[in-house]
There are 2 protein chains.
Amino acid sequence: MCIYYTNNRNMTSQSQQYEFAALATDVVIFTVCEEQLHVLLVQMNKKPFTGMWALPGGLVKPNEDADTAAKRQLLEKTGVSNAYLEQLYTFSRVDRDPFGRVVSVAYYALLPKKTKVATMPDYADIQWVPVTAVMSLAYDHRDILQTAIVRLKSKLAYTNIVYSLLPKEFTLSEMQSVYELILDTVLDKRNFRKKILAQGMIKKTGKKQTAGANRPAELYTFIKRSVQEVAML
Amino acid sequence: MCIYYTNNRNMTSQSQQYEFAALATDVVIFTVCEEQLHVLLVQMNKKPFTGMWALPGGLVKPNEDADTAAKRQLLEKTGVSNAYLEQLYTFSRVDRDPFGRVVSVAYYALLPKKTKVATMPDYADIQWVPVTAVMSLAYDHRDILQTAIVRLKSKLAYTNIVYSLLPKEFTLSEMQSVYELILDTVLDKRNFRKKILAQGMIKKTGKKQTAGANRPAELYTFIKRSVQEVAML
DNA sequence: ATAGTATGTGTATATATTACACTAATAATC
DNA sequence: GATTATTAGTGTAATATATACACATACTAT
């Protein structure tokens, strides 16, 4: 790494115009609601993507690392600062941005429910969209989204990150439903409960779900809300 | 992403000096030999890291994406062009390079055996080093190596990438030994063979290992040399 | 011929996964 | 207040998977 770098120590981009790329982050923000996996999209109001939808994102600032920039994006768009956020993949196709060389460090975030999002002045619109309803997106954001969905599926199966998609207190049916939606499977209720409870990662709160014209469900909570590598399914 | 970008369309780095980072790749190149996991390191001959060891890497060229740059690094350092190569993580700490803002997209590669490496004119030395013997490294390369080791361990366990660390034809003892070394476990020979053979991913070649003052081992080969997600252990 | 060394193999036990159907608790309706 | 509709909650038997464990085999070197 050093060798190329020292050959180009003056950091102007005049003669070596593309040696230095613009660095951006794009964040795939997921949530589950109404029995569907949703992703937060913004509608662009700048050429050449006017009217098109894209993932929220932006350039990394001089004093930021990519993690910080992604966290900032998440906060600006959702007001949430403590969500699960993980680096996904870096997309660097030379022609991925029509304006020039922009490399994007993509992240994905998981929110416990459809957070109310304020329309930003910089965008035409901002909305939660069911992932099944997402059509074409600006840039290579379709690829980024696809990569995020694959990652989410695999992480759900072998870690406990489901906690980040659930509210603090939740029912076992809600939890099972999250797995079924995202993994696109049907699970046996008794076997699911047996397995999840055997993990020892959740406990009863003692409380029960209030509303509902049927038997009220026990509310559970995660003992630790931190990521652990465990075969959940 | 678009909003910031369009505000800074002129791609000179004069006024917004660090908005545009230098983009580099560093490659953690692994191989197994002499019953140890080895990593390829280069010794630097430029200040301020003169004499220090580092991961092979370099700046991404204008017409390259990060994958291409990593592949080139691997080829330049080892002469190998068909190894397993996977993006690992992007390291972007603001002060990770003493010369300025350099963001590194790290990769890791797996080679079937200790490939002979030619000393490069740009480096003081280049060597295979057992990972247990690696002390401090230049930049944040210690972190990168650590991240790569963690990734390698987990990928070994739930995919078949072990094929990329083995020669075309190999014995079951060799294969078991790779798992034992990297995962730092002891495995039961009969159970290991039962499980691996049950996967149906390898087959006998019919040939036997020649040399050795003992019973010659059957040689096996992978039916497909491509990555599949399978619980191997 | 013998000694040394790594290869190759099977079975019994324990654990984990799967398949499967009814009762319980509540709200809404009559 | 009895009935209906709806989701919650529970156990067992069968199958599949994982584990623990010891000796005969095929070769080289002496």
Side-chain angles (χ1 to χ4, degrees), chain A residues 32-35 156-160 162 166-167 169-181 183-221 228-233, chain B residues 32-35 156-160 162 166-167 169-181 183-221 228-233:
Chain A
V32 170
C33 71
E34 289 154 17
E35 302 287 302
L156 256 202
Y158 73 87
T159 74
N160 65 342
V162 68
L166 291 167
E169 301 187 338
F170 53 88
T171 69
L172 289 178
S173 296
E174 280 169 351
M175 188 176 182
Q176 180 175 345
S177 160
V178 171
Y179 280 105
E180 290 181 332
L181 286 172
L183 299 179
D184 196 27
T185 48
V186 176
L187 299 170
D188 179 86
K189 202 205 296 193
R190 280 171 291 190
N191 293 339
F192 176 79
R193 285 164 187 240
K194 206 187 308 173
K195 184 150 190 181
I196 293 297
L197 292 172
Q199 313 277 16
M201 292 203 293
I202 64 172
K203 61 164 194 256
K204 285 190 187 174
T205 60
K207 295 179 230 169
K208 302 209 173 191
Q209 200 180 41
T210 53
N214 45 37
R215 178 171 178 171
E218 288 269 5
L219 285 168
Y220 287 80
T221 190
Q228 290 172 56
E229 298 227 342
V230 186
M232 296 295 283
L233 292 186
Chain B
V32 170
C33 72
E34 289 152 19
E35 302 288 302
L156 256 202
Y158 73 88
T159 75
N160 64 341
V162 67
L166 292 167
E169 301 186 339
F170 54 88
T171 70
L172 288 178
S173 297
E174 282 168 350
M175 188 176 181
Q176 182 176 344
S177 160
V178 171
Y179 281 105
E180 290 181 333
L181 288 171
L183 299 179
D184 194 28
T185 47
V186 177
L187 299 170
D188 178 86
K189 202 204 295 194
R190 279 172 290 189
N191 293 340
F192 177 79
R193 285 163 188 241
K194 207 187 306 173
K195 183 149 190 180
I196 294 297
L197 292 172
Q199 313 277 17
M201 292 203 291
I202 64 172
K203 62 165 194 253
K204 284 189 186 176
T205 61
K207 297 179 227 169
K208 302 210 174 191
Q209 200 181 39
T210 52
N214 44 39
R215 178 171 179 172
E218 290 270 6
L219 286 168
Y220 286 80
T221 191
Q228 290 170 57
E229 298 227 342
V230 187
M232 295 297 281
L233 291 186

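Only this structure's heavy atoms are used, side chains among them; waters, hydrogens and symmetry mates stay out.
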Distance-only donor-acceptor hits, side chain of residues 174-181 of chain A, under 3.5 Å, sequence neighbours excluded:
| unit_1 | atom_1 | unit_2 | atom_2 | d |
| --- | --- | --- | --- | --- |
| A:Glu174 | OE1 | A:Thr171 | N | 3.0 |
| A:Gln176 | NE2 | A:Glu180 | OE2 | 3.1 |
| A:Gln176 | NE2 | A:Leu187 | O | 2.9 |
| A:Ser177 | OG | A:Glu35 | OE2 | 3.3 |
| A:Glu180 | OE2 | A:Leu187 | N | 2.8 |

Side chains of residues 193-203 of chain A: which donor-acceptor partners sit under 3.5 Å, not counting sequence neighbours?
| unit_1 | atom_1 | unit_2 | atom_2 | d |
| --- | --- | --- | --- | --- |
| A:Arg193 | NH2 | A:Ser173 | OG | 3.4 |
| A:Lys194 | NZ | A:Asn191 | OD1 | 3.4 |
| A:Lys195 | NZ | A:Leu233 | O | 3.4 |
| A:Gln199 | NE2 | A:Ala231 | O | 2.9 |

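Rounded to an integer number of Å, the gap from CD of B:Gln209 to P of D:dA26 is 17 Å. The CD-C1' distance, from A:Glu180 to D:dT7, rounds to 14 Å in whole Å. Whole-Å rounding puts the A:Gln176 CD to D:dG9 P distance at 11 Å. Whole-Å rounding puts the B:Glu218 CD to D:dC27 P distance at 11 Å. With rounding to whole Å, B:Arg193 atom CZ is found 18 Å from D:dA18 atom C1'. Between A:Phe192 atom CZ and D:dG9 atom P the separation is 12 Å, expressed in whole Å. For the pair B:Ile196 CD1 and C:dG8 P, the computed distance is 14 Å after rounding to whole Å. Rounded to a whole Å, the CG atom of A:Leu197 is 11 Å from the C1' atom of D:dT10.
Listed by first and then second residue, the salt bridge (charged side-chain N to carboxylate O under 4.0 Å, His left out) pairs involving residues 208-219 of chain A are A:Lys204-A:Glu218 (not counting sequence neighbours).
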Worksheet entry | Nucleic acid footprint by protein, nucleotides 13-22 of chain C - heavy-atom cut-off 4.0 Å, B for base, S for sugar-phosphate alone | ----SBBBB-

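For the pair B:Thr159 and B:Val230, the minimum side-chain heavy-atom distance is 4.5 Å or more.
When the salt bridge (Lys or Arg N to Asp or Glu O under 4.0 Å) test is applied to B:Glu34, the partners found at least two apart in sequence or on another chain are B:Lys114. By the side-chain hydrogen bond (donor to acceptor under 3.5 Å, both in side chains) test, B:Glu169 pairs with B:Lys207, sequence neighbours left out.
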Protein-nucleotides 26-30 of chain C N/O pairs under 3.5 Å:
| unit_1 | atom_1 | unit_2 | atom_2 | d |
| --- | --- | --- | --- | --- |
| C:dT26 | O2 | A:Ala213 | O | 3.4 |
| C:dT26 | O2 | A:Asn214 | N | 3.3 |

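Atom CE of residue B:Met232 and atom OH of residue B:Tyr158 lie 13.5 Å apart, to the nearest 0.5 angstrom.
As judged by a 4.0 angstrom heavy-atom cut-off over every strand, B:Ser173 is placed among residues touching the sugar-phosphate backbone only.
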Worksheet item: Does the pair B:Leu172 and B:Tyr220 meet the rule for a side chain to side chain contact (heavy atoms under 4.5 Å, CB included), with working shown?
Response: CA-CA 7 Å; B:Leu172 288 178; B:Tyr220 286 80; 3.6 Å; yes

